[in-house]
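What follows is one structure encoded as structure tokens, with my remarks underneath.
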Amino acid sequence: MTALLPRLAPTLRSLSDLTDHGLISAAEAEALAPVAERYAIALTPVIAEAIQRGAASGLSNQFLPDSRELITHPLERDDPIGDAPHSPVPGIVHRYADRALLKLVSVCAVYCRFCFRREMVGPGKEGLSPDELGAALAYIEAHPALWEIILTGGDPLVVAPRRLHDLKTRLDAIAHLGAVRIHTRVPVVAPERITAELVKALAGRLPVHILIHANHAEEFGPEARRAVARLVDAGIPLFGQSVLLRGVNDSLDALTDLFRTMVSLRIKPHYLHHGDLAPGTAHFRLPLAEGMALMRSLRGPLSGLALPTYMLDIPGGFGKVPVSADFFAPDGHGGWWITDPHGQRHAYRDIVETPY
């Protein structure tokens, strides 16, 4: 096996990088060229090293490209959760009355192969200009019903602490806001970025809650654990959000390990998302009925403290709902009727590929 990457090695961003470090073969690289042309590749050193060490396929399947990403089904969408219809100005998604997304950047530390924004993120899509950010903040200030701003992207924690501090200061000055939430993968995939300077940048009037995206217990290596502790010890509440993924965490044991690991690190599991209908991701998705069965199997054997809510974002921009009998009903033809938060019903069909 190839020697482990040096600690300060750069992020791997090409098929040749993956080949040079023994993560794929030359033959695989040739076959994967069309995938790399369409979707960005990025593996940080901590993730690449974990895969090199022979860590669970729950890591490699998330981050290494796969030829099945070029198979797009007719019901898959470039904008699977419908951000665009709710985006009044660049960077803002205002779907719910009291909260809005602020998509600060369109780049990430790593690029997940199942990403629901995979058509919108990547190199060359850097995010908001200063003028666009100013317009986004003006929109927030002009809508007093907004109480919570959710920083997302891309990954907002890839930006410099100085820039984060500036943004946090400007949000703190908007009187009607009551909270800031950050959605990020950085603590587990680039833990060296969670510095004292970054933590200090998040201080101020508005409380910050961080939702850490992790899908497998193996993502929480020693450095990630230290980064998480740095955030919690600074008084920042942490929550976990994960995606149910075939070949990654689609078993009772994998989910149990993931959620127990989160709780042991003082992260409250919040959401387990059903896979969105992003192009080329059918091989990751499970049928809804299979996801429901997994959640039923967790209840009882797993502490209630470690149980997240199983959620689906209704395609087309109609909002998130728990995958439960309160919102889901079989349509009698192998599909589902889903009731959105406003009481409207929508048809949904599973789009999945043959299991691994």
Check your understanding: If you take all heavy atoms of P45 and P10, which pair is closest and at what distance?
Key -> CG-O, 4.1 Å
Point to revise | side-chain contact (heavy atoms from CB on, under 4.5 Å) partner of D17, chosen from L23, L43, L12, I41 | key: L12
**Study point:** Backbone N/O of A282 and side chain of H73: donor-acceptor pair under 3.5 Å
**Key:** no
Practice item. Would you please test D155 and V107 for side chain to side chain contact (heavy atoms under 4.5 Å, CB included) and show each step? Key: CA-CA 6 Å; D155 194 316; V107 294; over 6 Å; no
Check your understanding: Is there a donor in the side chain of H273 and an acceptor in the side chain of D313, or the other way round, less than 3.5 Å apart?
Key -> no
**Study point:** Aromatic ring proximity Y139/H94, centre distance under 6.0 Å
**Key:** yes
Under 3.5 Å donor-acceptor pairs involving side-chain atoms of residues 160-167, not counting sequence neighbours:
none

Review point. For R285, which of E290, H274, E76, E353 qualifies under side-chain hydrogen bond (donor to acceptor under 3.5 Å, both in side chains)?
Key: E76
Practice item. Over all heavy atoms of both residues, which pair between S14 and S16 is shortest? Give the atoms and the distance, please. Key: OG-OG, 2.9 Å
Check your understanding: Going through the distances and angles, do L312 and F328 end up as a side chain to side chain contact (heavy atoms under 4.5 Å, CB included)?
Key -> CA-CA 10 Å; L312 181 135; F328 284 72; 4.0 Å; yes
Review point. When you look at K103 and S87, which way does the side chain to side chain contact (heavy atoms under 4.5 Å, CB included) test go after all the steps?
Key: CA-CA 10 Å; K103 296 195 284 187; S87 184; 5.9 Å; no
Point to revise | Atom CD of E132: over 12 foreign heavy atoms under 6.0 Å | key: yes
Practice item. Return the minimal non-hydrogen interatomic distance between R246 and L286, and the atom names on each side. Key: N-CD1, 3.4 Å
Practice item. Return the minimal non-hydrogen interatomic distance between R95 and G82, and the atom names on each side. Key: NH2-O, 2.9 Å
Review point. Looking only at heavy atoms, what is the nearest atom pair of S67 and L32, with distance?
Key: N-CD2, 3.5 Å
Exercise for review: Indicate the atoms forming the closest heavy-atom contact of K168 with L206, along with that distance.
Suggested key: NZ-O, 2.9 Å
Review point. Are F114 and Q62 side-chain neighbours, meaning at least one heavy-atom pair lies under 4.5 Å?
Key: yes
Practice item. Measure the shortest side-chain to side-chain distance between K268 and L211 over non-hydrogen atoms and say whether it is less than 4.5 angstrom. Key: no
Exercise for review: Test salt bridge (Lys or Arg N to Asp or Glu O under 4.0 Å) on R38 and E119 and set out the steps.
Suggested key: CA-CA 9 Å; R38 179 166 181 180; E119 302 285 353; 2.9 Å; yes
Point to revise | Pairwise side-chain contact, L137 with I140, heavy-atom cut-off 4.5 Å (strictly under) | key: yes
**Study point:** CA sep, side-chain torsions, deciding dist, call: R345, D331, salt bridge (Lys or Arg N to Asp or Glu O under 4.0 Å)
**Key:** CA-CA 11 Å; R345 292 210 308 171; D331 68 2; over 6 Å; no
